[in-house]
Amino acid sequence: MLNISDIKADVESVITNEALTHEQAMMNLSAIPLNYVEFFETSKEFRELFEAGCLCTMTEGNVTYQPRYTLPDYEKLIREGCTFLRLEPPKCLFEAIQILEMFYRHIPSVTHYPVYLGSVDKLLEPFMDDEHAYELIRSFLIFLDRSIPDSYCHMNLGPEATRAGEMIVEIETELNNAIPSITLLYDPDITPDDFAKKCVICALNCAKPSFANDKEYGRLYRMPYGIASCYNALPVSGGSFTLSRIVLSRLAERAKDSEHFINELLPHAVDVLCGYMEQKIEFLVEKSHFFKSNFLVKEKFLKLENFTAMLGVVGMNECVNTLMEKERRPDRYGSSEYTDELALNILETIKKTIDSFESKYCDCTDHHFTMHAQVGIDSDFDISPGARIAIGSEPPLYEHLIQCGKVHPYFTSGVGDIFPFDITARKNADAVLDLIKGGFSKGMRYFSTYSSDSDVIRITGYLVKKSDVAKLDDGIAVPQANAMWGYYEVKNSRIYDRKVRTL
């Protein structure tokens, strides 16, 4: 039943918040009704686990009217233009940049901004004979930072080195902006070391680009993939209908021991969450307007058959430690073979349960959902992102990379770990690149870094400026929407206390 006083309180909390810009307030207000109106009846089991905090719908509300993450086919845009927006194919670098800027304005997502900007180096490379290329691309990157105030918007580069890619990395190193997020689709057999080292230096300056294991991600789908939002690996010309998550740490509190957790509680909770996600997807596809009328679908920039759905996992660290306490064992997550094996058993159980659930849609993943290492939300407290080792408990670097290599392969739609370095690493990009190569050879999927003195840092999966967090602490509004999320993560999750590595 609708509770008017609750709605009023939610609205008032937005419209009286001086640290929100007009656009941020407007978007927050638009989400409030969806948290109170139900369009399908959820199961008793789902409601019980949801109210206990074991399951979480990721601020989507009780219904969604557009896919959470969309990855349009930008190559088609450059090749053919867009009828709906009356855009002709570009003939020069200025037009290529302009058509992208106009198109981005119309890309929906859970954030209301584009979460995927495409492989921009490849999109711009055919037009790089322009003598004003540097000035045009620099202006383009500034435009993105000022007009898409959300670092969930994500640009891809590589795996090949291009003139456009090198120029983007050079300019980003100079600009030191948090937007857009960038990933290098890295393959040591394709990506030249000199370009990869330039990317390392850029990352140490401004927390981007991150490195994605292109060899492994390239095998996931029958179509090209892209990295979107935090680090989500999804099909191009598709994306993800929805993302809901299971909070392992809270579920573990209900367990008698590891056996009870793995054999009974966990499969039940995952199956209940799959059922809820399927209800939401069927409403989105069959009843809402998006797949019936949106121009991106009509012109085949997006295809229904290229969408999947993501079941997120969070709080593995606290889950394992809670189970160890219940069994009176001294082991802690990430520091023993026993806890590593327990974590892998948990992930294997989740995978088997997901694979046993058949979705009506999700054609591109054989009608199954994908596993995602969810990075957390601003209200999380004592809940580590995905399957990461908790801040303050990080093992030595090489042991940490090997542990990541064990758990990363389970998360087909995105996972990542973050390794800050001291400032001396900027003089030794070769060593950082060797660490990335070594981690990828052991199974790692995604590697992020920044320097201890960087203003731009990676919070969980997105980028924020420490200077913006300081402004919010003083009640001063900042343009970037993520900064508010980052502010609470800094307060709740000890982000500034990450172990700084030395080489």
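By the 4.0 Å N-to-carboxylate-O rule, Asp434 lies too far from Lys197 to be salt-bridged with it. The pair Lys466-Asp473 does not meet the salt-bridge criterion, since no charged nitrogen lies less than 4.0 angstrom from a carboxylate oxygen. A salt bridge links Glu325 with Arg332: the closest approach of a Lys/Arg side-chain nitrogen to an acidic carboxylate oxygen falls below 4.0 angstrom. The pair Lys326-Asp257 fails the salt-bridge criterion, with no side-chain N (NZ, NE, NH1 or NH2) lying under 4.0 Å from an Asp/Glu carboxylate O. A salt bridge between Glu282 and Lys360 is absent, with no side-chain N of the basic residue lying under 4.0 Å from a carboxylate O of the acidic one. Taking the charged nitrogens against the carboxylate oxygens, Arg219 and Glu216 do have a contact shorter than 4.0 Å, which makes a salt bridge. Ion pairing between Arg250 and Glu51 fails under the 4.0 Å rule for side-chain N and carboxylate O. Classification of Arg494 and Asp497 as a salt-bridged pair holds, one side-chain N sitting under 4.0 Å from a carboxylate O. With respect to Glu60 and Arg68, a salt bridge is recorded, a charged nitrogen being found less than 4.0 Å from a carboxylate O.
Thr370 places a side-chain N or O within donor-acceptor distance of the main-chain N or O of Ala309, the cut-off being under 3.5 Å. Looking at Glu394, its side chain does come within 3.5 Å of a backbone N or O of Lys499 through a donor-acceptor pair. Judged by distance alone, with hydrogens and angles left aside, the side-chain atoms of His372 form a donor-acceptor pair with the main-chain N or O of Ser413 at under 3.5 Å. Under a 3.5 Å cut-off, the side chain of Ser493 and the backbone N or O of Ile495 do not form any donor-acceptor pair. Judged purely by atom type and a 3.5 angstrom limit, Asn213 uses its side chain to pair as donor or acceptor with the backbone of Met444. With His408 contributing its side chain and Gly443 its backbone, the two residues share no donor-acceptor pair below 3.5 Å. In this structure, Tyr74 contributes its side chain and Tyr116 its backbone to a donor-acceptor pair below 3.5 Å. With hydrogens and angles ignored, the 3.5 Å screen pairs no side-chain donor or acceptor of Thr365 with any backbone N or O of His367. Listed for the Thr308 side chain is no donor-acceptor partner under 3.5 Å among the backbone atoms of Cys362. Of the possible polar contacts, none joining the Gln374 side chain to the Val415 backbone as a donor-acceptor pair under 3.5 Å is found.
The environment of Tyr398 atom OH is sparse: at most 12 non-hydrogen atoms of other residues, nucleotides or ligands sit within 6.0 angstrom. Heavy-atom contacts from other residues, nucleotides or ligands closer than 6.0 Å to OH of Tyr488 number 12 or fewer. Within 6.0 Å of atom CD in Glu348, more than 12 heavy atoms from other residues, nucleotides or ligands are found, so the atom counts as buried in its surroundings. Remark: Ile423 CD1 is loosely packed, at most 12 non-hydrogen atoms of other residues, nucleotides or ligands lying under 6.0 Å away.
No side-chain donor from either of Asp73 and Ser237 sits under 3.5 Å from a side-chain acceptor of the other. For the residue pair Thr502 / Asp422, no side-chain donor-acceptor distance below 3.5 Å is found, with atom types taken as modelled. For the 3.5 Å distance criterion, the side chains of Arg501 and His400 qualify, holding a donor opposite an acceptor. Side-chain polar atoms of His368 and Ser359 form no donor-acceptor pair below 3.5 angstrom. In this structure, a donor-acceptor pair under 3.5 Å is absent between the side chains of Arg47 and Tyr276. Inspection of the Thr412 and Tyr217 side chains reveals no N or O donor paired with an N or O acceptor under 3.5 Å. A donor-acceptor contact closer than 3.5 angstrom is absent between the side chains of His112 and Asp150. If you check the side chains of Glu278 and Tyr361, you find no donor sitting under 3.5 Å from an acceptor. In summary, the side chains of Thr322 and Glu253 do not present any donor paired with an acceptor at a separation below 3.5 Å, with no hydrogens or angles considered. Side-chain contact check for Thr191 and Glu160: no donor-acceptor pair (N or O, by modelled atom type) lies under 3.5 Å. No side-chain N or O of Asp417 forms a donor-acceptor pair with one of Tyr231 less than 3.5 Å apart. Residues Tyr333 and Gln403 have side chains that bring a donor and an acceptor to within less than 3.5 angstrom of each other. Residues Ser336 and Thr339 have side chains that bring a donor and an acceptor to within less than 3.5 angstrom of each other.
For Leu503 against Ala431, the heavy-atom pair with the smallest separation is CD1-CB, 4.0 Å. Shown here for Ser109 and Gln66, the closest heavy-atom pair between the two residues is O-NE2, 3.5 Å. For the residue pair Pro159 and Asp214, the shortest heavy atom distance occurs at CG-OD2, 3.7 Å. Closest heavy-atom contact between Ser244 and Met58: CA-CG, 4.3 Å.
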Could you walk me through whether Tyr69 and Phe241 pass the ring-ring contact (aromatic ring centres under 6.0 Å, His included) check?
CA-CA 7 Å; Tyr69 304 120; Phe241 294 117; over 10 Å; no
Verdict with supporting geometry, Phe290 and Tyr65, ring-ring contact (aromatic ring centres under 6.0 Å, His included):
CA-CA 7 Å; Phe290 186 83; Tyr65 56 93; 9.4 Å; no
Walk me through whether Gln480 and Ser151 qualify under side-chain hydrogen bond (donor to acceptor under 3.5 Å, both in side chains).
CA-CA 8 Å; Gln480 189 193 344; Ser151 73; 3.3 Å; yes
Test side-chain contact (heavy atoms from CB on, under 4.5 Å) on Ile457 and Leu463 and set out the steps.
CA-CA 6 Å; Ile457 64 169; Leu463 309 180; over 6 Å; no
Stepwise side-chain hydrogen bond (donor to acceptor under 3.5 Å, both in side chains) test for Arg458 and Ser210
CA-CA 10 Å; Arg458 190 164 294 273; Ser210 294; 3.1 Å; yes
side-chain hydrogen bond (donor to acceptor under 3.5 Å, both in side chains) for His154 and Ser229? Distances and angles first, verdict last.
CA-CA 6 Å; His154 209 123; Ser229 192; over 6 Å; no
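The distance from atom CD1 of Ile262 to atom CG of Asn345, rounded to the nearest 0.5 Å, is 5.0 Å. Here the straight-line distance linking atom CD of Glu327 with atom CZ of Phe261 works out to 11.5 Å at 0.5 Å rounding. Distance NZ/Lys437 to CZ/Phe447: 13.0 Å, rounded to 0.5 Å. Atom OH of Tyr225 is separated from atom OH of Tyr221 by 10.5 Å, given to the nearest 0.5 angstrom. Lys208 contributes atom NZ, which lies 10.5 Å from atom CD1 of Ile168 (distance to the nearest 0.5 angstrom). Distance check: Asp193 CG to Lys198 NZ gives 12.5 Å after rounding to the nearest 0.5 Å.
Only one option out of Val313, Ile346, Leu344 pairs with Val407 in a side chain to side chain contact (heavy atoms under 4.5 Å, CB included); it is Leu344. Screening Leu323, Ile383, Ile350, Val314 against Leu248 for a side chain to side chain contact (heavy atoms under 4.5 Å, CB included) leaves a single residue, Ile350.
With ring centers used as reference points, Tyr450 lies 6.0 Å or more from Phe419.
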